[in-house]
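Okay, so here's the structure we're looking at.
Residue numbers begin at 1 in each chain, while the letters A, B, ... track the order of the sequences.
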Amino acid sequence: MSDVEVGSVVTVSGVEYEVQKILSSSRDAVQNLLVESKGKKFLIWRGPIAWGRDARTVLEDNIHDSLPTIVEVEEQDDEIVFILNAPPSTSTPFEDETWRSAKRTVGVISLQYVSEGLSQLHERKGWLQGLKRRDLYLDLISHRLYIVGMPRLTVNRRPAIEAPWRDMRLLGELCYENFVERDYPGGHQMAGILQDKDRLSGTQLQFPGFPQVLAGCVSPYGDLAYKDPMELHAGLEQLRVELARPINFIVGATSTVGNYLFRKNNQDSCGHISLQSVCGSQKVNLGFFCVADGIGGIQDGEHASRLAVETACQSFARGWAHYGADEIISRPFAFAKTIAKVVGQRLALEGEFAPGTNRGGTTFSGIVIAGRRAGICHVGDSRIVLIRKGKCYQLTDDHTLATILVRLGELTPEEAEKNDLSQRTISRFLSTSAEVEISRVDGLGRELEFPGTDAEGFEIKRGDLFVLTSDGSHGEFSEELLLEFAKEFDGDPQSLCDALVQNALDRMGRDNSTALAVLVE
Amino acid sequence: MTDALFDFDILRGWKETRDPELAAPHKVDPLAYLVQVVDDEELLRVPIHGPDVYVGRYHPQNGPVDVIFDALHDEQIYKLGAPHIRLSCTPTGKWHMRMMSATAFTYVNRKLLTDTKSKYQIKNNDLIKMGVVTFKFEKTELTFQDWKDQQKEILLAVESPSLFLVRNGAVCGPKVLLKTDEPTVLGRSFPKPGELPGEAWLNAQQPDWDLAGAHDPEKKYVGFRHCEIWQEDDDWFVKPITSRQRTYVNRTEISAKTPLMPGDELALGSLLFHFHHPDNIRASTDRKTVDLPVVLDWKEGYHRAELATEHE
């Protein structure tokens with residue numbers, strides 16, 4: 001029977017089967033055929049007795065639907081022959097091209113399905129000693145991968161430490177190829193790529209679960225390595241959730257002129273724009289949120305801050321329409337900075353061509369949230385604060401004389417806190433006369449160490465709350481109060497903003513006061 | 001950092017013309033460098049391309065500065081004078097330094113300088129501390145004569161009245177040939193009619209020399225329609241157009257029609273230009289040593305003797 005070919009007929013226990021496809025390679029010790037008898041498809045496995053007994057043990061009692069079920073076994077002199085049920089007719093032999101063009105959710109669910117089967121096998125101490133692509137069938141309709149061959153199977157109660165990894169590593173490779181639509185670069189290179197975040201730029205960055213899965217499958221050693229297919233299953237589950245549910249924003253904003261005794265008009269502006277990109281089955285939400293605190297005469301500051309916010313939102317929309325979500329997700333810092341620079345130029349234009357009504361300028365602090373990544377731009381003394389898991393991170397450095405004097409060691413932070421003049425003197429802003437340099441548009445604060453940050457952006461998590469405030473607002477509350485409010489108005493950014501602004505009013509309200517809060521969920 | 005940015009034109013909704021020549025490398029070799037080294041790591045290397053330069057921070061009221069430090073932190077810039085020092089080199093290659101600001105601290109080899117009138121000799125590898133930042137002064141192999149020849153080569157290749165961009169003390173390459181029949185407008189591109197909502201600039205004419213392609217800190221103080229230069233008989237004149245940005249001739253601010261002589265220095269904000277006139281080559285090739293305007297006498301309730309620096 002070693003010389004079978006497609007179309008020939010093999011007989012097992014007196015039943016004739018027509019060979020439809022030879023699945024095994026000629027080097028395999030076990031022959032694997034797809035056959036048909038009376039309109040029904042079966043698999044025939046033929047191999048050594050020892051292997052066959054192991055296979056029989058692990059496949060007993062329909063172990064999992066991703067694995068074939070035994071119809072009949074026949075032991076001959078020196079070999080054993082299995083008749084097994086073939087996978088459903090909707091499935092086809094695994095093919096790289098089909099796999100790569102499959103939707104990511106389909107890919108992930110299929111991998112989950114087969115990892116369940118692997119887990120069952122391992123529980124029965126069965127080890128495939130390396131799963132190969134030709135051992136797989138793919139069903140894109142029901143999102144399933146089937147194992148149709150296990151030519152190197154052994155049962156071993158005390159397997160080598162690498163045994164689980166040998167069976168799972170192919171699934172990591174497949175995950176990569178489905179997501180990136182490129183050849184898996186090989187284990188060593190992949191380990192290098194995973195070390196170097198920049199090289200994982202692009203679409204993958206919005207799925208933190210993706211590098212996790214790769215890291216779990218790339219090597220049998222280390223803390224991240226999956227020891228059991230169900231760990232892989234959980235990693236894939238995380239990825240599936242990330243694919244399925246886009247990050248949403250809940251936005252609240254309040255702005256007030258302050259106490260009328262001190263201020264005649266509101267020079268603060270805040271605004272946001274949020275858009276959804278739909279690409280295939282995948283939805284990505286993107287948003288830009290900003291606060292601007294106008295500087296200058298009564299009319300001018302108001303005009304400058306409003307113009308800044310309007311221009312920023314328009315620029316965001318233009319950039320989004322041209323570059324698309326993926327590009328913004330990969331470089332949110334650069335995107336935010338570009339917006340700030342464009343806003344600065346817009347103000348300079350206004351200043352030169354309508355100098356009569358446009359003096360002064362505005363502070364400008366904004367955040368781009370794209371998928372699971374964010375980037376900020378910041379000029380002036382407005383603030384962006386992130387509240388994550390009950391902790392408060394001030395993401396921006398105040399561009400004030402106070403900050404400069406503290407950095408120079410001429411004031412202690414405590415002294416600076418009380419030094420009203422240096423607090424009120426701002427060292428950078430978007431001006432209607434001089435256009436701020438791009439190198440002077442800040443991102444995250446200089447000393448801030450923030451998890452999940454690289455040169456191009458930082459990761460956000462569900463539950464993150466970003467609070468953008470003008471100095472009239474944050475000048476009146478402490479970190480403790482902010483955390484207290486965040487807890488009290490959990491899940492309700494609008495009430496949080498109202499409370500922050502009301503707090504400023506209660507404490508005299510000398511200045512315009514603005515708060516914008518974005519809850520990521 | 002800037003190379004990874006997004007296209008400004010896309011985000012702003014209108015196209016800025018950026019002359020690539022304005023971003024090209026300097027055509028004259030540097031005579032020296034100021035090198036900021038912290039913990040054995042070279043953070044900043046600023047070339048000095050001319051034999052007489054003002055170094056420090058640009059402040060509009062005090063006139064243009066040849067060498068500015070764009071990459072420093074806020075607090076470091078805060079401690080810089082505007083300008084801080086003047087570095088000059090003799091034809092024999094000796095460098096001197098003068099403090100320009102009485103209120104900003106200057107140290108040479110850790111010694112605090114106190115006299116704003118004296119010239120201090122600076123040698124290779126001397127440490128010059130301006131405010132809170134220390135630079136090492138590094139001379140290059142280029143001789144004064146070589147430098148002069150390089151300048152000449154660039155200038156003499158042009159046979160009509162023109163303006164040359166000056167960077168860090170020397171003519172660096174980009175230029176505009178001045179129109180003789182109508183004014184030449186300097187500025188940078190702005191939205192054309194219909195590109196952006198707004199009326200004010202709809203009918204304004206785009207500048208003849210578009211400086212939008214200059215480096216960010218250079219064009220920061222350049223107006224969109226900054227100034228115009230024209231010829232009347234054999235004389236040349238310059239007049240500011242915008243009131244929002246400053247225009248200087250020989251480092252003195254101008255606000256009305258002002259004559260421009262061959263070899264004069266015109267500045268748009270901190271961006272310097274050399275006025276080249278082929279009929280007066282001698283004046284054209286030697287850079288005028290221009291002093292900042294100094295206060296000779298000033299009384300406001302009390303006498304500020306320390307500011308009454310005599311003119312050299």
Side-chain angles (χ1 to χ4, degrees), chain A residues 310-312 314-323 327-328 331 333-339 341-346 348-359 397 399-401 403-410 427-428 431-440 442-443 446 455-456, chain B residues 1-14 16 58-60 68-79 131-133 187-191 195-204 212 214-226 241-246 269-270:
Chain A
E310 282 171 13
T311 308
Q314 285 163 2
S315 311
F316 179 86
R318 285 195 194 101
W320 172 79
H322 182 269
Y323 286 101
E327 192 68 23
I328 298 173
R331 298 184 291 145
F333 272 147
F335 194 63
K337 282 191 173 194
T338 311
I339 290 175
K341 176 72 184 162
V342 166
V343 170
Q345 192 177 44
R346 184 73 180 83
L349 270 170
E350 201 76 2
E352 181 163 328
F353 288 104
T357 52
N358 294 290
R359 293 177 294 269
D397 287 340
H399 295 150
T400 59
L401 183 58
T403 309
I404 288 178
L405 294 177
V406 169
R407 289 234 164 94
L408 287 168
E410 293 180 12
S427 55
R428 289 185 218 174
S431 162
T432 51
S433 58
E435 196 180 315
V436 80
E437 303 97 316
I438 191 82
S439 60
R440 304 230 157 254
D442 266 6
R446 210 197 293 173
E456 310 291 359
Chain B
M1 191 68 215
T2 41
D3 51 329
L5 288 170
F6 286 77
D7 188 343
F8 292 122
D9 288 342
I10 301 289
L11 267 73
R12 75 182 135 219
W14 56 276
E16 191 177 64
Y58 169 69
H59 188 284
I68 55 169
F69 302 108
D70 170 42
L72 294 181
H73 290 310
D74 277 2
E75 69 273 17
Q76 295 169 324
I77 292 176
Y78 177 71
K79 286 293 183 183
V132 291
V133 189
R188 52 196 177 109
S189 45
F190 48 86
E195 282 185 325
L196 261 197
E199 297 141 34
W201 52 77
L202 280 185
N203 298 315
H215 302 317
D216 230 16
E218 293 177 335
K219 68 180 187 197
K220 179 173 183 180
Y221 298 100
V222 175
F224 296 91
R225 283 170 55 81
H226 196 121
I241 301 174
T242 172
S243 59
R244 296 305 298 271
Q245 308 294 352
R246 310 235 181 187
S270 197

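- Of the atoms belonging to A:E310, not a single heavy atom falls under 4.5 Å from chain B.
- A pairwise comparison of heavy atoms in B:D70 and A:S439 identifies OD1-OG, 3.4 Å as the closest pair.
- Of all the heavy atoms in A:I438 and B:D216, the pair that sits closest is N-OD2, 2.5 Å.
- Both the backbone and the side chain of A:A348 have a heavy atom closer than 4.5 Å to some heavy atom of chain B.
- Taking CD from A:E435 and CZ from B:R188, the interatomic distance works out to 4.5 Å, rounded to the nearest 0.5 Å.
- Taking 4.5 Å as the limit, every side-chain heavy atom of A:K341 sits out of range of all side-chain heavy atoms of B:L5.
- The aromatic rings of B:F224 and A:F353 are tilted relative to each other, their planes meeting at an angle between 30° and 60°.
- Remark: B:D9 pairs with B:R12, B:K15 by the salt bridge (Lys or Arg N to Asp or Glu O under 4.0 Å) rule, at least two apart or across chains.
- Contact of the B:F6 side chain with the A:R318 side chain is not registered, since no non-hydrogen atoms from C-beta on lie closer than 4.5 Å.
- To the nearest 0.5 angstrom, B:H73 atom NE2 is 9.0 Å from A:R440 atom CZ.
- From B:K220, atom NZ reaches atom CD of A:E437 across 3.5 Å, with rounding to the nearest 0.5 Å.
- Side chain of B:D74 to main chain of A:I404: no donor-acceptor pair is present (N/O by atom type, distance under 3.5 Å, no hydrogens or angles).
- Looking only at side-chain heavy atoms (C-beta outward), B:P191 and A:L349 come within less than 4.5 Å of each other.
- Ionic pairing of B:E75 and A:R446 is present here: one or more N-O contacts between side-chain nitrogen and carboxylate oxygen are shorter than 4.0 angstrom.
- The side chain to side chain donor-acceptor pair (under 3.5 Å) check on A:S433 picks up A:S431, with sequence neighbours excluded.
- Neither the backbone nor the side chain of A:F316 comes within contact range of chain B; no heavy atoms are under 4.5 Å apart.
- For the set A:H399, A:Q314, A:E327, the count of heavy-atom pairs under 4.5 angstrom toward chain B peaks at A:E327.
- Looking at B:Q76, there are no atoms closer than 4.5 Å to chain A (heavy atoms on both sides), in backbone or side chain.
- At a 4.5 Å heavy-atom cutoff, the contact between A:T432 and chain B is made by backbone and side-chain atoms alike.
- Both the backbone and the side chain of A:I339 come within less than 4.5 Å of a heavy atom of chain B.
- Both the backbone and the side chain of B:F8 come within less than 4.5 Å of a heavy atom of chain A.
- Per-residue heavy-atom pair counts under 4.5 Å with chain B were compared for A:V343, A:I328, A:L401, and the maximum is reached by A:L401.
- No part of B:I241 comes within reach of chain A, as not one of its non-hydrogen atoms sits under 4.5 angstrom from that chain.
- The distance from atom OH of B:Y78 to atom CZ of A:R407, rounded to the nearest 0.5 Å, is 14.5 Å.
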